[in-house]
K.L.:
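Sharing a structure here in structure tokens format.
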Amino acid sequence: MENKKVKVMAVDDSSFMLSVITSYLQGSEFEIVETARNGKEAMDKLGKCSPDVVLLDIVMPGEDGIETLEKILSKVPSIKVVMVSSLGTEEAVIECLKKGAKNFLQKPFEQDKILSILRGI
Amino acid sequence: MAIKFFGQYLLEKGKITPPQLLEAVEYQKEVNVSVGTLAIEKGHLTSQQVEKINKEQYRTDRKFGEIAVEFGYLTSSQIDEILDMQRSRKIYLGEALVQKKFLSLAELENELNAYREEQEKEETELSTVLKNVKSLQIAEVFVDVAMKMFLRILKEVVKISECSLNKSKLELNEWTFSQKVIGQENYNFMLNISTPTLLKIASYMMKSEVRVPDEMSLDAVAEFVNIITGNTCAKLSTVDIKAKSQPPKVYNNLSDNRYKLFTNGYISTVNLLSTIGDFQIAVEVIT
């Protein structure tokens, strides 16, 4: 019987980063079911794709990832959110964790790192 | 490898959990006494004076001591005395993790050594000259991080060919990737490059040959700049300098007929040479 894959939505304003994340998860137990380029798009797509996990960038045009994090968890408290950002300041990391992110992955990262973080949550 | 604060390093290695990190940080806040509290303890300030200074701090994002002296509440030597007291009582994150029994002392020592080794790996030409981060100007930190990322991500050793400081204009190359950083001062970090160099960077980022500057390749190079800027902010945060980046922007200067950038602030540039092309990093201090 085929194991059910973990559904992941990736949110990043960089289409390049979305393609990197998608390629890193290919062949693993995690499946990218949707991508979004900003917070508003993420919220619009959230209900339709029902992801188990959201990978969320911070620095995005319009609403930043921290505001989006709060909205996602307010709408679907059971979703697990992992922040994925180059902005690994202590302030940003602590704020995200306090607001309910399950972990924080700082760019740049390799494939084994993102898989390890996802498996750990 | 990213430039990160120690807590993030431990988190990513799986040595501590997010709740443990949060608990240790909260514990640090309880134990590490603020300058204002110490000043009240020593009888130098009243709580109303501290509140007034805190309000001004929030408004202007300046240091407590600087404002206290400006308001005439404290002298510089009183500030120095209080800062010495604060330093002697301060506990760092590692100590907090040990006191909360999330790490043993031996584990802390091992992890600190590994962390320092990782963060200081591949010293760049700039960083071997300027070792003390606190004394570096923010622009120099950006250049230092950029040179590290050229090495780590593009596998390219870059050499400095020329620096110029405090100019009022910048000669633009074919492409400029820029990203604003907002903090106590505001900056515009820029990568100024030719099309062939852009294509080379994009090819490295995308791990395949890129022949035209299309949307994806421009995005890849913008992300490279974003990584440099974000890691610069992370590095600055380790020495209590708060800075936050905004999304990067891409300018096709040829098609936009932009040849020069004039500034009301000032611009410093560093020209770098590598086997994949010449780069120019420019840092504009925005007034």
Side-chain angles (χ1 to χ4, degrees), chain A residues 12-24 35 37-39 57-67 80-121, chain B residues 1-9 11-14 17-22 24-26 29 93 145 149 152-153 179-181 183 202 205-207 215-238 240-249:
Chain A
D12 199 303
D13 62 325
S14 164
S15 50
F16 165 73
M17 269 317 299
L18 292 175
S19 74
V20 168
I21 290 171
T22 303
S23 75
Y24 277 177
T35 60
R37 300 284 298 272
N38 56 61
D57 188 16
I58 293 181
V59 179
M60 294 188 289
E63 191 176 271
D64 73 18
I66 298 178
E67 292 168 323
K80 294 176 183 176
V81 182
V82 174
M83 310 306 291
V84 180
S85 177
S86 65
L87 194 68
T89 63
E90 184 172 340
E91 194 182 342
V93 172
I94 298 302
E95 189 178 359
C96 290
L97 295 182
K98 276 189 180 170
K99 288 184 173 166
K102 291 297 180 191
N103 215 317
F104 193 112
L105 178 59
Q106 193 176 346
K107 298 172 186 174
F109 54 86
E110 300 296 331
Q111 183 181 30
D112 59 342
K113 187 57 67 90
I114 188 171
L115 287 173
S116 154
I117 294 260
L118 283 171
R119 285 167 184 151
I121 60 169
Chain B
M1 182 272 291
I3 293 164
K4 56 195 78 163
F5 88 101
F6 186 50
Q8 175 64 14
Y9 169 83
L11 206 58
E12 285 188 13
K13 266 187 91 170
T17 64
Q20 286 174 333
L21 176 59
L22 285 180
V25 166
E26 282 308 306
K29 280 191 189 147
L93 179 63
V145 170
M149 289 301 160
R152 294 302 286 171
I153 298 175
Q179 194 160 9
K180 283 206 173 93
V181 170
M205 291 292 285
M206 295 169 69
K207 296 184 166 62
E215 189 187 332
M216 183 63 91
S217 59
L218 293 178
D219 211 44
V221 180
E223 185 60 26
F224 178 64
V225 173
N226 184 45
I227 287 171
I228 295 170
T229 308
N231 278 263
T232 299
C233 293
K235 176 107 175 174
L236 293 171
S237 80
T238 63
D240 294 330
I241 296 174
K242 289 183 185 174
K244 193 172 171 179
S245 52
Q246 297 190 337
K249 290 184 180 175

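Protein chains get the first letters and strands the later ones, always in sequence-line order, with residue 1 at the start of each. We use all heavy atoms of the structure for the numbers below, so side chains are in, but hydrogens, waters and symmetry mates are not.
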K.L.:
Between B/Ile153 and chain A, which part of the residue has a heavy atom less than 4.5 Å away: side chain, backbone, both or neither?
P.N.:
side chain

K.L.:
Please tell me if the side chains of B/Arg152 and A/Pro108 come closer than 4.5 Å, counting only heavy atoms from C-beta onward.
P.N.:
no

K.L.:
How many angstroms lie between OG1 in B/Thr232 and CG in A/Leu87, if you round to the nearest 0.5 Å?
P.N.:
10.5 Å

K.L.:
Mind checking the CG-OG spacing from B/Asp219 to A/Ser14? Nearest 0.5 Å is all I need.
P.N.:
3.5 Å

K.L.:
With distance as the sole test, does B/Asn231 use its side chain to make a donor-acceptor pair with the main-chain N or O of A/Lys107 at under 3.5 Å?
P.N.:
yes

K.L.:
Could you tell me which non-hydrogen atom of B/Met206 sits nearest to which non-hydrogen atom of A/Phe16, and how far apart they are?
P.N.:
CG-CE1, 3.7 Å

K.L.:
Rounded to the nearest 0.5 Å, how far does OG of A/Ser19 lie from CE of B/Met216?
P.N.:
4.0 Å

K.L.:
Looking at A/Thr89 and B/Cys233, would you say the former's side chain and the latter's main chain have a donor-acceptor pair under 3.5 Å?
P.N.:
no

K.L.:
Measuring from atom CG of B/Leu218 to atom OG of A/Ser15, what distance do you get when rounded to the nearest 0.5 angstrom?
P.N.:
9.5 Å

K.L.:
Going from CD on B/Glu12 to CD on A/Gln106, what distance comes out if it is rounded to the nearest 0.5 angstrom?
P.N.:
6.5 Å

K.L.:
Report which part of B/Gln246 has an atom under 4.5 Å of a heavy atom belonging to chain A: side chain, backbone, both, or neither.
P.N.:
backbone

K.L.:
Which answer fits B/Ala243, side chain, backbone, both or neither, if we ask what part of it has an atom under 4.5 Å from a heavy atom of chain A?
P.N.:
backbone

K.L.:
Side chain, backbone, both or neither: which part of B/Ala222 has an atom under 4.5 Å from a heavy atom of chain A?
P.N.:
neither

K.L.:
Output the distance between atom NZ (B/Lys244) and atom CG (A/Asp64), rounded to the nearest 0.5 Å.
P.N.:
4.0 Å

K.L.:
Residue by residue, which of residues 91-99 of chain A have a heavy atom closer than 4.5 Å to a heavy atom belonging to chain B?
P.N.:
A/Glu91, A/Val93, A/Ile94, A/Leu97, A/Lys98

K.L.:
Crowded around B/Lys242 NZ? As in, over 12 foreign heavy atoms under 6.0 Å?
P.N.:
no

K.L.:
Counting heavy-atom pairs closer than 4.5 Å to chain B, which one of A/Val59, A/Val20, A/Leu105 comes out on top?
P.N.:
A/Val59

K.L.:
Where do A/Gly88 and B/Ala234 come nearest, in terms of heavy atoms and distance?
P.N.:
O-CB, 3.5 Å

K.L.:
Would a 4.5 Å heavy-atom cut-off, applied to side chains only, mark B/Pro18 and A/Lys102 as touching?
P.N.:
no

